[in-house]
Number of protein chains: 2
Amino acid sequence: MTTIKDIAKVAGVSVTTVSRALNGYSDVNEATRKKIMDVAKELNYSPNTLARSLVMNKSKTIGLLVSGLNEGAVKDNFTFEVLSGVNQYVSDSDYDLILFSTNSTKQREKTYSQLCKERRVDGAIIQGIRTDDPYLQEVVESNIPCVLIDIPIETETVGYVTTNNRQGAQKAVDHLIRLGHQNIAMINGHEFAVVSQERLKGYQDALKVANIEFNPDWVVNGDFNEEAAEKVALKLIESNPEISAIFCASDLMALGVMKVARRLNIRIPEQLSIVGYDDILLASYVSPPLTTVAQNKFQMGYEAAKMLIHTLEGKDEPHVKTLDTDLKIRETTKKFNKN
Amino acid sequence: MTTIKDIAKVAGVSVTTVSRALNGYSDVNEATRKKIMDVAKELNYSPNTLARSLVMNKSKTIGLLVSGLNEGAVKDNFTFEVLSGVNQYVSDSDYDLILFSTNSTKQREKTYSQLCKERRVDGAIIQGIRTDDPYLQEVVESNIPCVLIDIPIETETVGYVTTNNRQGAQKAVDHLIRLGHQNIAMINGHEFAVVSQERLKGYQDALKVANIEFNPDWVVNGDFNEEAAEKVALKLIESNPEISAIFCASDLMALGVMKVARRLNIRIPEQLSIVGYDDILLASYVSPPLTTVAQNKFQMGYEAAKMLIHTLEGKDEPHVKTLDTDLKIRETTKKFNKN
DNA sequence: GTGAAAGCGCTAACAA
DNA sequence: TTGTTAGCGCTTTCAC
């Protein structure tokens, strides 16, 4: 592997000059530069970013901490879409992306900030971790610039991008109310997700506006998980036959509810209306197609990367970005009809 | 950021000793080691992998070159599943993954091997690039160990994992033949994918066994693309009404064909049988559920990572891994019925 | 069992 | 415009 030293020798100059020439500094004679460039090409030179990073004290890498990068996440490819968005922005910059997957056993050995510090990443994007994750706090308090997805923490070095979850949920429930539903249950994620808290508020907002009393027994957690949602939905439906609509905090859970309904011979949407959240790919393909609150996951990733890199480049940008959601009315919701 | 120098100072030893202690060498006094460990913890030390990599001349990173990491790839999340598999294996090793996305404009500026060399990756996994990619050859010829996915090149430092495409295709077509179909068309990908070449052979194999003459006009390319497949399928079906079954080299293309059939009021599977390839998530969700040849994309990634890391660790492993496919018979195929 | 010193490939004062 | 020198944080001979 050729180094600038080799080039210097062949070109008959010092390494400094080589370095300057290669990095496009102006204070180098054009003839010298050309010579150096030629030699570099001839020797098939590649700069060693490791050495450069070491001395410059920045690595031009950004760490992507994700937790949903596993086999089970295929159905709900939230993580993938965010990753695509991140990648889209990053690949047009001169940064590279290093992946820290935290679903493995390794996460217990090393904290997020350790991973970042060891690799000397310039910044990090964090997605899919729970608010009760013991290492979240730590990475936020380290002075590594980071952008969180769906976790509203804002400091000097920390920003976040999220969507308007409260409003999104409200739209969904409002839609059900307009269809005449009064007995609307909610299957939420879990308490350690800010989005769950927000979506619950949106649900309550909508009820309030319509003067419908909030019944806490009708809100249960399905852990953002299809099977768990099935279980809680089953119990909910069986013990509260008056429920005519269910708002789910994720599409995956909505799919679980649809399964249960099918099993119980409850027709959707005639007997039960369902609204999901996310607009995953499957939402428009299941039968009947799922009414849901769409969030642009790709854009979330894109904006996160943009925010982070802008911060790293010293551009003084807002540290918060909230995207809008979009209610997609499909075929799992219908006018209430009391049989 | 604390360095071993800081630790040495506080612990009252030399940097050499610190290095040895931290790296678990045996020739260091237990008391000294303990002291050093304590100081390291106290100072919240993180090793600088950049410096280490520089001197050791290996980075403990593996590069992942993919081309399908963009918004459009959501439906056909082949890339994502492979990535998950890679990640699964890698995250249980002490390597990290660095993502080189090549769909961007950047790919034209820097070749794959340049990317790899600059970042000093120890090895690379390459997925989703075409055999006519000008930079493929280059990276293969560089002496960077790499594992290719679905490109059968084998050298001292290059291996690959793939599935048995020929057999998979044969199974699919054989299935159609057993159902009584004689006029079976194929929508292939493109000529710069080895899998397309192989699947075509499998198609021909099946015909041959059944003594059905091969008609080259009935094999058209859809570029692994839903829209393109729609177009070619339309032409194919309209000008050859005798075709009763179509084998597609990807599920995405099969979806395109299904769309066309719907538009032409051709009932599936009654009037037209369709077999796809891949078994993407949607395959089992579309209506009717798609009969297809399943390949385990997650495992492909997993095996690729395993092969690469084993190679890097000097384990002498076979450089080729061929996985089996699995014909999933669902509801787009039916006994031929000449009306 | 420990330390001094060299060096990995690069950048950046400072001097000439 | 160019070169000398030091140093980024680490590992590794080699000597003690």
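The sequence lines fix the lettering, A, B, ..., with proteins before strands; numbering per chain opens at 1.
Taking the C1' atoms of five terminal pairs at each end of the helix from dG1(C)-dC16(D) to dA16(C)-dT1(D), the two resulting helix axes are inclined by 40°, rounded to 10°.
E71(B) is linked by a side-chain hydrogen bond (donor to acceptor under 3.5 Å, both in side chains) to nothing, counting only residues two or more places apart in sequence or in another chain. When the salt bridge (Lys or Arg N to Asp or Glu O under 4.0 Å) test is applied to K5(A), no partner is found at least two apart in sequence or on another chain.
Of all nucleotides in DNA chain D, those with any atom nearer than 4.0 Å to a heavy atom of chain A start and finish, going 5' to 3', at dT1(D) to dG9(D).
The interatomic distance linking K9(A) (NZ) with dG9(C) (P) rounds to 11 Å, in whole Å. In this structure, CG of L43(A) is placed 15 Å from C1' of dG9(C), rounded to the nearest angstrom. Rounded to whole Å, the distance from CD1 on I7(A) to P on dT11(C) is 11 Å. One can place CD1 of I4(A) at 12 Å from C1' of dA12(C), the figure rounded to the nearest angstrom. What separates CG of L54(A) from P of dA12(C) is a distance of 12 Å, to the nearest Å. Between the C1' atom of dG7(C) and the NZ atom of K5(A) lies a distance of 8 Å, rounded to the nearest Å.
At dG3(C), one or more side-chain N or O atoms of T17(B) fall inside 4.0 Å of OP1 or OP2 (strictly under the cut-off).
A salt bridge is defined here as a Lys NZ or Arg NE, NH1 or NH2 lying under 4.0 Å from an Asp or Glu carboxylate O, and K306(B) with E317(B) fails to meet this definition.
Of the candidates D96(B), D94(B), D122(B), D94(B) is the only one forming a salt bridge (Lys or Arg N to Asp or Glu O under 4.0 Å) with K60(B).
Near DNA chain C, meaning a heavy atom under 4.0 Å away, the residues from residues 19-39 of chain B are R20(B), D27(B), V28(B), N29(B), T32(B).
Heavy atoms from other residues, nucleotides or ligands lying under 6.0 Å from NZ of K321(A) number 12 at most. For D38(B), the CG atom sits in a packed shell: over 12 heavy atoms of surrounding residues, nucleotides or ligands are nearer than 6.0 Å. A 6.0 Å sphere centred on CG of D27(A) holds more than 12 heavy atoms belonging to other residues, nucleotides or ligands.
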What pairs of donor and acceptor atoms, side-chain ones from residues 142-153 of chain A against any protein atom, are under 3.5 angstrom apart with sequence neighbours left out?
| unit_1 | atom_1 | unit_2 | atom_2 | d |
| --- | --- | --- | --- | --- |
| S142(A) | OG | V139(A) | O | 2.7 |
| S142(A) | OG | I144(A) | N | 3.3 |
| D150(A) | OD1 | T162(A) | OG1 | 2.6 |

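N29(A) places a side-chain N or O within donor-acceptor distance of the main-chain N or O of A31(A), the cut-off being under 3.5 Å.
Mapping V15(B) and R120(B) onto DNA chain C by nearest heavy atom places V15(B) at the nucleotide closer to the 5' end. Heavy-atom distances to DNA chain C give each of G12(B) and A51(A) a nearest nucleotide, and the one nearer the 5′ end belongs to G12(B).
At a threshold of 4.0 angstrom between heavy atoms, the contacts of T3(B) are confined to the sugar-phosphate backbone, with no base atom among them.
With 3.5 Å as the limit, one finds a donor-acceptor pair spanning the side chains of S14(A) and T17(A).
Note on ring orientation: taking the six-membered ring where Trp is involved, the planes of H190(B) and F192(B) are tilted (angle from 30° to 60°).
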